[in-house]
Protein chains: 2
Amino acid sequence: MKKTQHKKKKTRITKRRLLEEFKRAIKNKGLKYTPQREQVFKEIISTKGHFEIEQMVHKIRQKNIPVSRATVYRTLNIMKELGFVEEVIKINNKTIYEISIKEHHDHLICTSCRKIIEFQSEDIEKLQDKVCAEYGFLPKFHRLEIFGLCSKCQKKALARNNSKS
Amino acid sequence: MKKTQHKKKKTRITKRRLLEEFKRAIKNKGLKYTPQREQVFKEIISTKGHFEIEQMVHKIRQKNIPVSRATVYRTLNIMKELGFVEEVIKINNKTIYEISIKEHHDHLICTSCRKIIEFQSEDIEKLQDKVCAEYGFLPKFHRLEIFGLCSKCQKKALARNNSKS
DNA sequence: CTACATGCAAATTCTTTGCATGGCG
DNA sequence: CGCCATGCAAAGAATTTGCATGTAG
C-alpha cells in the first residue's frame with residue numbers, strides 16, 4: 001500500500017524532478033550548471049505550451065538574472081540536444097519552441113485570433129503508432145496542429161457576412 | 001454512363017484546372033498574372049510535398065524565366081493569402097512551404113537523415129474532425145509530423161552501439 | 001497609359017559565432 | 001586554477017522593403 005502511494009507522488013513533484021534530471025543531464029555532458037541555464041529551464045517548465053525567445057529573455061531578466069539572447073539560444077540548443085525541448089514551429093517568422101517533457105499536447109490554432117487550444121487524444125496517438133509501425137519508423141515525438149477558426153471567430157465571421165448582405 | 005466518365009476527367013486535369021483557379025484568383029484580387037507568378041505556381045503544383053525558396057528560384061530560372069528571390073517570396077505571400085500555399089515548417093532555420101491544394105499528406109521525419117516519409121490516414125483525420133467538433137473549432141488544414149528514426153537510421157544506430165561494446 | 005510587378009540592393013529580423021572576461025567545479 | 005559559459009558586438013542567414021524601371025491590362 002505504502003509503495004503505491006509513494007509512486008503517486010512522482011507525478012506531483014514533476015517540476016522539481018525535472019530540474020534534477022536537467023541538472024544531471026547537463027553535468028553528465030561535462031557542461032556547467034549555471035544560474036542562467038537553471039533559470040532558462042525553470043522558465044520553460046513553468047510555461048504552458050509554447051514560448052518565444054524574446055519572451056524568455058524578458059521573463060528571466062525580470063527575475064534579476066542577467067541573461068543575453070545569445071545565452072538563451074545556446075541553452076535552447078543544448079536542451080534540444082538533450083531532448084528537453086522539441087522541434088520548432090514557425091509562425092509569422094517567429095520560432096516557437098515547445099517543451100517535450102510535459103505530457104504532450106496537440107493544438108488547434110485559430111488563424112484569425114491566433115488563439116491556441118491544446119488537446120490530447122489517445123486514439124490519435126495510437127493510430128500514429130500504427131502508422132509508424134507500418135513504415136518501420138521509430139517515433140520520438142510528434143506535432144499535430146490543426147489550423148482553422150475558433151468558435152468565437154466563426155461567429156464574428158458570420159456576423160460580418162450577415163451585415164454585408 | 002457518359003456523364004460519369006466526364007466527371008472522372010475532372011480529376012485527371014487537376015493541374016490545368018488549378019492553374020485556371022489560380023489565374024482567376026489573382027485577377028479577382030486586381031493583381032496581374034505575370035510569367036513569374038505563373039511559373040512559381042506551376043513549379044509548386046508539380047512539386048510533390050515540400051519545397052524551399054532557393055530550390056524554387058533555381059528551377060524557375062532553369063526554365064529561362066528570370067526571377068528574383070524577392071519575387072518568389074512575394075508570390076508565396078500572395079499564395080498564402082489566397083490559400084494556395086499552406087503554413088510553414090521550419091527545419092534548420094529553413095522555411096519549408098507546402099501546397100494546400102493537393103491531397104494532404106502527413107509526415108514521418110527522420111531526425112537523423114532528414115528523410116521525409118509521407119503518409120495518409122483517414123482514420124486519423126476522422127478523429128481530428130471529432131476533436132474539432134468537441135471544441136466548436138472549424139478546421140481548415142492541419143499538419144501532423146512525427147519525428148523519429150527511419151528504419152535505416154535505426155539499424156545504423158544499432159550497429160554503432162554494437163561495435164562500441 | 002496607368003497601376004501594379006520586378007529586380008536590385010539595402011534594411012530587418014532571427015540566430016549564430018568570435019573573443020575577451022567571468023565563474024563553476 | 002582550468003575549462004567552460006557569458007555578453008557583447010559582429011557575422012550570417014532568411015525574408016522584407018524602397019525605389020527606379022518594366023510590363024500586363
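The model shown is predicted, which means the values in this text are computed figures rather than measured ones. Each chain gets a letter, A, B and so on, in the order the sequences are listed, and its residues count up from 1.
- Note: A/Tyr97 and A/Phe51 have parallel aromatic rings, judged against thresholds of 30 and 60 degrees for the angle between ring planes.
- The interatomic distance linking B/Ile60 (CD1) with C/dG7 (C1') rounds to 14 Å, in whole Å.
- Among the nucleotides C/dG25, C/dT6, D/dT6, the one closest to any side-chain atom of A/Arg37 is D/dT6.
- In this model, the phosphate group of C/dT16 is not approached by any side-chain N or O of A/Tyr73 to a distance below 4.0 Å at OP1 or OP2.
- Take the nearest nucleotide of DNA chain C for B/Lys32 and for B/Val72: the residue whose nucleotide is more 5' is B/Lys32.
- Atoms CG (B/Leu76) and C1' (D/dT16) sit 13 Å apart, rounded to a whole Å.
- Between the CD atom of B/Glu54 and the P atom of D/dA13 there is a distance of 12 Å, rounded to whole Å.
- Listed candidates were C/dT6, D/dT6, C/dT15. Nearest to the side chain of B/Gln36 is C/dT6.
- The side chain of B/Pro35 lies closest to D/dA24, out of D/dA24, C/dC8, D/dA5.
- A close approach under 4.0 Å does occur between a side-chain nitrogen or oxygen of B/Thr71 and OP1 or OP2 of C/dG7.
- For B/Arg61 against B/Val67, the heavy-atom pair with the smallest separation is NH2-O, 2.6 Å.
- Distances from the side chain of A/Ala70 to the nucleotides C/dG25, C/dT6, D/dA9 place D/dA9 closest.
- Distance CG (B/Asn28) to P (D/dG25): 13 Å, rounded to an integer number of Å.
- Salt bridge annotation for A/Lys42-A/Glu38: present, with a cationic side-chain nitrogen under 4.0 angstrom from a carboxylate oxygen.
- From A/Phe22, atom CZ reaches atom CD1 of A/Ile26 across 4.0 Å, with rounding to the nearest 0.5 Å.
- The phosphate of C/dT6 has OP1 or OP2 within less than 4.0 Å of a side-chain N or O from B/Thr34.
- Atom CD of A/Gln39 is separated from atom CE of A/Met56 by 9.5 Å, given to the nearest 0.5 angstrom.
- Taking atom CZ on A/Arg69 and atom P on D/dA11, their separation rounds to 17 Å, with Å as the unit.
- Rounded to an integer number of Å, the gap from NZ of A/Lys80 to C1' of C/dT16 is 11 Å.
- Taking atom CD of residue B/Gln55 and atom C1' of nucleotide D/dT15, one finds them 17 Å apart after rounding to whole Å.
- In this structure, CD of A/Glu38 is placed 16 Å from P of D/dA5, rounded to the nearest angstrom.
- With distances taken from any side-chain atom of B/Leu31 to the nucleotides C/dT15, C/dC4, C/dT6, the minimum falls on C/dC4.
- Nucleic acid contact for B/Arg74: base, since at least one base atom lies under 4.0 Å from a heavy atom of the residue.
- Contact annotation: B/Thr95 side-chain N/O to D/dT15 OP1/OP2 distance is under 4.0 Å.
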